[in-house]
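Beneath this line is the structure, given in structure tokens, with notes to follow.
All figures in this text were calculated on a predicted structure; none of them were measured in a lab. Order of the sequence lines sets the chain letters (A, B, ...), proteins ahead of strands, with each chain counted from 1.
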There are 2 protein chains.
Amino acid sequence: MPDSARQKPYSEISARLKLLAHPERLQILDTVRRSSQCVCHLEVLLDKPQPYVSQQLRVLREGGLICDEKDGLNTYYCVCDLGVRAWLDTILGPVPAERSRPLAGCSCPKCTAQELPIEWVLAASF
Amino acid sequence: MPDSARQKPYSEISARLKLLAHPERLQILDTVRRSSQCVCHLEVLLDKPQPYVSQQLRVLREGGLICDEKDGLNTYYCVCDLGVRAWLDTILGPVPAERSRPLAGCSCPKCTAQELPIEWVLAASF
DNA sequence: ACAATATATGCAGAATTCTGCATACCTATA
DNA sequence: TATAGGTATGCAGAATTCTGCATATATTGT
């Protein structure tokens, strides 16, 4: 039996589900699956203190659900794993086609730029 | 916007995920999605005391993940909701085609019958 | 080197969930 | 109605998770 066909133990699967079973973490995932976002963006979106947001991001990062990419002072998070995307598609529904917009109150380059950076436009239409 | 297209709040979705994020409950769901099973069957399978199994079944039942059907002394549980089945297909993989078998140690009619009851055969090939 | 901005980490009290157990309930049969 | 088998319920101590906050680190510009 090939390893890909063998089901993971229930304890492993439920450990991953536990990371999803949390309203704020779920909203973070729903946001960063649309396009990568920085911590201050999520901070405004969730209306939670920055350490709180960073903490939940760490849980998701160490659980392998999101990846981080640093750019200067900012750290952008995104959903890189295709299997995770599939789970989110089932649980939250497919990613809507609409492009994400600058968020008032977020001071990151993405949200304050006059011209949209090309890689952001590409990411939004993922 | 039709109600079916509007996404449920993250708190509701995560509440449902919490029910799944538990190894024993996950195994119960994986078992009863293949064919309906009674409490004593799950008791043998999980190797847990009966009150423990009944308790987890109650959590799943009150969460709307499983349905119960009484037949004499026995209560059979199954996954009736199609949306729940879809979640389980994504999380656990599709239901294998193989038929479920009598379980040594379970004393319910299904597991002790010489001839397989027709409705069980039908349920197994769901 | 210093200051400012963005993010990360550590920790403790609070809140929640888990699970073992005693016992109650419900149905069928003698 | 008495008994037995199968299942359900209630509860409490244990274990885990949650979250607010103080503070640490890291990068950039002056």
Hey, is B:C78 close enough to B:C67 that the SGs sit under 2.5 Å?
-> no

List the steps and the verdict of side chain to side chain donor-acceptor pair (under 3.5 Å) for B:E12 and B:S14.
-> CA-CA 5 Å; B:E12 268 186 46; B:S14 72; over 6 Å; no

Just checking A:Y77: base, sugar-phosphate only, or nothing, at a heavy-atom cut-off of under 4.0 Å?
-> sugar-phosphate

Just by modelled atom types, is the A:V84 backbone N or O under 3.5 Å from a matching donor or acceptor in the A:D81 side chain?
-> yes

Is the side chain of B:R85 donor-acceptor paired with the backbone N or O of B:V79 at a distance under 3.5 Å, no angle test?
-> yes

Do side-chain atoms of B:R25 reach the backbone of B:L20 as a donor and acceptor pair under 3.5 angstrom?
-> no

Of residues 55-65 of chain A, the positions that come close to DNA chain C - non-hydrogen atoms, cut-off under 4.0 Å = A:Q55, A:R58, A:R61

After noting the C-alpha distance and the side-chain angles of B:D68 and B:Y76, does the key distance pass the side chain to side chain donor-acceptor pair (under 3.5 Å) rule?
-> CA-CA 6 Å; B:D68 62 313; B:Y76 294 93; over 6 Å; no

With hydrophobic residues grouped by side-chain heavy-atom distances under 4.5 Å, do B:L103 and B:L57 end up in a single group?
-> no

Name the first nucleotide and the last nucleotide along DNA chain C (5' to 3') that come under 4.0 Å of a heavy atom in chain A.
-> C:dT5 to C:dC11

Under 4.0 Å between any heavy atoms, over every strand shown, what does B:C38 touch: base, sugar-phosphate, or nothing? Just pick one.
-> sugar-phosphate

B/S/- contact track for nucleotides 25-30 of chain D, protein heavy atom under 4.0 Å | --BS--

Just checking B:T75: base, sugar-phosphate only, or nothing, at a heavy-atom cut-off of under 4.0 Å?
-> sugar-phosphate

Check whether any side-chain N or O of A:K18 sits under 3.5 Å from a backbone N or O of B:L17 as a donor-acceptor pair, and report yes or no.
-> no

Distance-only donor-acceptor check, side chains B:T31 and B:Q27, under 3.5 Å = no

